[in-house]
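Excluded from the calculations below are hydrogen atoms, water molecules and symmetry mates; all remaining heavy atoms, backbone and side chain alike, are included. Note that this is a predicted model, so its numbers are computed, not measured. Each chain gets a letter, A, B and so on, in the order the sequences are listed, and its residues count up from 1.
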2 protein chains.
Amino acid sequence: MTTARTPSVGAGGNGDGDWAGLSTRERILRAASTLFATRGYGGTSTREIATLVDIRQPSLFHHFPSKASIAEALLDHSLGRVAEPVAQLARDGGSAAARLYGYVYFDTRFLATSPYDLAGLYSDDILNAPELADWRRRLDTLHDAIADLVRQGIDGGEFVPIDPDFAQRVISGLNLITISMHHGQSAAWAAQFADDVATFALRGLIAALSDLPRARRDGAAIADRLGHATV
Amino acid sequence: MTTARTPSVGAGGNGDGDWAGLSTRERILRAASTLFATRGYGGTSTREIATLVDIRQPSLFHHFPSKASIAEALLDHSLGRVAEPVAQLARDGGSAAARLYGYVYFDTRFLATSPYDLAGLYSDDILNAPELADWRRRLDTLHDAIADLVRQGIDGGEFVPIDPDFAQRVISGLNLITISMHHGQSAAWAAQFADDVATFALRGLIAALSDLPRARRDGAAIADRLGHATV
DNA sequence: GTCTATAACTTGATAGAC
DNA sequence: GTCTATCAAGTTATAGAC
């Protein structure tokens with residue numbers, strides 16, 4: 001006695017956002033990102049994801065070959081397009097303060113407009129999984145580039161003496177704060193917020209506050225260039 | 001301004017070497033904290049904890065009635081002794097900059113000397129668990145007190161205008177960075193590091209950098225008082 | 001593309017011997 | 001206080017009907 005299920009509901013309203021018109025794959029990504037953020041990767045089951053999407057659990061596997069591949073798609077969306085351009089930025093010459101502003105602005109604006117809640121993706125509990133080792137390596141590359149940028153700023157006298165590893169963690173922490181406070185924001189709002197965050201980051205690092213306006217102006221151009229970089 | 005280069009953490013080895021003489025209960029707490037930090041709460045099984053302690057999995061339940069109670073013991077150790085004194089601190093009068101320095105210094109020094117790797121305890125994946133709702137509430141209390149302190153600093157003109165909620169997240173992020181970079185450090189080293197971190201926090205918030213030496217001096221006294229507060 | 005059914009396995013926790 | 005043995009429930013993932 002197989003009772004036919006009506007797959008489309010529409011009235012449910014899972015409180016999150018309105019997913020009308022989105023593909024199932026896209027709804028899976030958004031549901032998974034929310035659950036990863038609130039319950040962790042290990043604490044999220046594929047059943048919970050499926051329930052939020054309003055399909056049955058095995059139907060997920062038509063769109064993604066494994067649970068880890070859902071996380072990989074989200075990592076590709078966020079980390080995939082920033083790691084290499086920033087590594088290049090750290091090799092470019094010029095003011096380290098302006099380049100750091102440029103990176104923070106660029107990444108903050110991107111994360112604040114992302115439709116996904118990526119907070120759960122950048123914790124050890126997910127990146128230590130063996131099948132995501134490649135993504136862990138790419139995140140390490142990004143972190144190295146940021147620490148290198150800080151080191152250049154210290155060596156050039158633009159920044160106060162500070163442990164570059166500590167500073168890198170603070171900057172990466174700003175990204176996580178951005179993610180958890182705001183996602184899915186409008187472009188205009190995100191641009192304002194990105195300036196606030198990048199300015200705040202520089203205030204903590206810069207030796208002479210009188211250098212800030214210049215770093216902000218030059219950094220805005222660098223952020224713009226990052227946005228157009230071919231990855 | 002002597003932000004020192006960083007030594008590595010002593011408790012890196014999962015071996016039983018540095019656990020000689022510790023009670024089984026204590027070894028469970030240390031093993032669990034390490035695993036919660038690296039694999040998340042949901043991603044850590046009681047079998048993994050037991051393996052690291054070198055006992056069988058059911059033996060854990062002689063020392064703790066549930067997996068969640070292990071997390072609770074770690075939360076009690078860290079959050080338990082700081083939430084109320086800091087809430088009181090936010091109600092005290094005086095310089096907000098000095099009080100904020102005092103809190104950050106106090107908490108950083110405590111976390112850097114803790115034998116546990118508490119990084120995994122302060123993420124949503126664990127604090128959203130229903131059985132830990134009381135601890136979530138206490139953490140919210142701490143966060144409210146910090147945001148309130150920031151708000152007082154802005155209203156009094158000591159701090160630059162900034163979103164108090166954003167500033168609170170940055171300060172709490174500094175705690176997480178401290179936890180993940182250093183634990184099990186010596187008291188002397190931790191005191192130096194705590195000054196570095198608290199000074200860094202104030203640099204980002206304070207309106208006039210010339211106020212920093214006074215806030216640091218007065219804040220050191222406040223941190224000392226927090227250390228002697230009866231909880 | 002989604003479903004039902006289920007395989008193969010891991011999970012937290014309990015019972016009871018020693 | 002630790003063990004062996006085990007349970008009920010939950011896990012990811014597959015098979016095959018429609």
From NE2 of A:H62 across to P of C:dC3 the rounded distance in Å is 12 Å
Summary of salt bridge (Lys or Arg N to Asp or Glu O under 4.0 Å) pairs that have at least one residue in residues 177-188 of chain A, sequence neighbours excluded | none
Assign a letter to each nucleotide of nucleotides 12-18 of chain D from its 5' end: B, base within under 4.0 Å of a protein heavy atom; S, sugar-phosphate only; -, no contact.
-> BBB----
When the aromatic ring centroids of B:H183 and B:F110 are compared, is their separation below 6.0 Å?
-> no
Consider only side-chain N and O atoms of A:S78 and A:Y122, and report whether a donor and an acceptor are under 3.5 Å apart.
-> yes
Centroid-centroid distance, B:F193 to B:H182, less than 6.0 Å | yes
Could you tell me the separation between the CG atom of B:L35 and the C1' atom of C:dG12, rounded to a whole number of Å?
-> 16 Å
Give the rounded distance in Å between these two atoms: CZ of B:F36 and C1' of C:dG12.
-> 12 Å
Could you give the CZ-to-C1' distance, from B:F64 to D:dG1, as a whole number of Å?
-> 14 Å
Indicate whether the side chain of B:T113 and that of B:Q185 have a donor and an acceptor atom separated by less than 3.5 Å.
-> no
Give the rounded distance in Å between these two atoms: CD1 of B:I49 and P of C:dG12.
-> 8 Å
Can you find a side chain N or O atom of A:R56 that sits less than 4.0 Å from OP1 or OP2 on C:dC3?
-> yes
